[in-house]
Amino acid sequence: MCGSIADITTAGKRYRKGSLWIIAAMMLIVLVIIRVTNEFFLVGGLVVTVVFSLLCSIVYGKAWEAVARRSPRQLAKFYLVAGTLRMLAAVLVFLVYALLHRDTGTLLGFTALFAGFYLVLLLFDCIFFARIEKKFKQLK
């Protein structure tokens, strides 16, 4: 990767901004669905999902910036390790939620919400960073 510090900072900001918009849009869609279907028991799961998604996106974006600045040749390892850590954190959050809420309906709703947010953000990460890597490789 051959991007300048300014390019890396800009890309990090764009990543966090894009993640925030995706999370906000998905949250609003789910809130409308909850309101229309009167499934208000899903609000707690939505809050957990949104907070987890926001924290992961912020940490992932800042960590990517740090690795891209200091050791850009290690970005392939970063993507692997960061993805694994995010998955482990997601499993941990899911297990804690499952232990606290044993109601089947609540747990199924949370699983759908959590998996939906996780997969959409994973797809966003893949597309965003593939484009960034392609752009920076063209600068070489």
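Note that the coordinates shown come from a computational prediction; the quantities given were computed from them, not determined experimentally. Values below: all heavy atoms of this structure, side chains included; hydrogens, waters and symmetry mates excluded.
Here the side chain of Arg16 pairs a donor or acceptor atom with the backbone of Gly12 at under 3.5 angstrom.
Note that the NZ atom of Lys17 and the OG1 atom of Thr10 stand 11.5 Å from one another [nearest 0.5 Å]. Going from atom CD of Glu39 over to atom OG1 of Thr106 covers 9.5 Å, rounded to the nearest 0.5 Å. For the atom pair Lys77 NZ and Ser71 OG, the distance stands at 9.5 Å (nearest 0.5 Å).
The cluster map of Ile, Leu, Val, Met, Phe, Trp and Tyr, joined by side-chain heavy atoms under 4.5 Å apart, puts Leu85 and Phe114 in different clusters. Linking Ile, Leu, Val, Met, Phe, Trp and Tyr residues whenever their side-chain heavy atoms come within less than 4.5 Å leaves Tyr97 and Val47 in two separate clusters. Clustering ILVMFWY residues whenever any of their side-chain heavy atoms sit less than 4.5 angstrom apart, transitively, puts Ile22 in a cluster other than the one holding Val48. Grouping the Ile, Leu, Val, Met, Phe, Trp and Tyr side chains by contacts below 4.5 angstrom, directly or via other members, places Leu46 with Leu20. In the hydrophobic clustering of ILVMFWY residues, with side-chain heavy atoms under 4.5 Å counting as a link, Val43 and Met26 come out together.
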Using side chain to side chain contact (heavy atoms under 4.5 Å, CB included), reason through Asn38 and Phe40 one step at a time and then give a plain yes or no. CA-CA 6 Å; Asn38 288 326; Phe40 294 106; 3.4 Å; yes
Stepwise side chain to side chain contact (heavy atoms under 4.5 Å, CB included) test for Leu108 and Thr104: CA-CA 6 Å; Leu108 287 175; Thr104 306; 3.9 Å; yes
Between Val96 and Leu100, does the side chain to side chain contact (heavy atoms under 4.5 Å, CB included) criterion hold? Intermediate values first, please. CA-CA 6 Å; Val96 168; Leu100 296 175; 4.0 Å; yes
Stepwise, does the side chain to side chain contact (heavy atoms under 4.5 Å, CB included) test hold for His101 with Leu107? CA-CA 7 Å; His101 297 87; Leu107 192 55; 5.6 Å; no
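The heavy-atom pair separating Ala11 from Ile132 by the smallest distance is CB-CD1, 3.8 Å. The minimum heavy-atom distance between Leu121 and Ser19, with the atom names listed, is CD2-O, 4.4 Å. The two atoms that bring Leu113 and Thr49 nearest to each other are O-CG2, 4.0 Å, heavy atoms only. Nearest heavy atoms, Phe78 versus Tyr60: CZ-O, 3.9 Å. Here the closest heavy-atom approach between residue Leu42 and residue Ile34 is recorded as CB-CD1, 3.8 Å. Between Ile23 and Phe117, the shortest heavy-atom distance links the atoms O-CE2, 4.0 Å.
Using the six-membered ring where Trp is involved, Tyr15 and Phe129 have ring planes that are tilted, between 30° and 60° apart.
Tyr79 and Gln74 share no side-chain donor-acceptor pair at under 3.5 Å.
A cation-pi contact, defined as under 6.0 Å to the ring centre and within 45° of the axis, is absent between Arg14 and Phe128.
By the 4.5 Å heavy-atom criterion applied to side chains, Leu123 and Leu119 are not counted as neighbours. Between Leu88 and Leu92, the closest side-chain pair of non-hydrogen atoms is not below 4.5 Å.
Salt-bridge annotation for Arg86 and Asp125: present, with a side-chain N of the basic residue lying under 4.0 Å from a carboxylate O of the acidic one.
Scored by the side-chain hydrogen bond (donor to acceptor under 3.5 Å, both in side chains) test, Thr9 finds Arg69 as partners (sequence neighbours excluded).
Between Tyr118 and Phe52, the distance from one ring center to the other does not fall under 6.0 angstrom.
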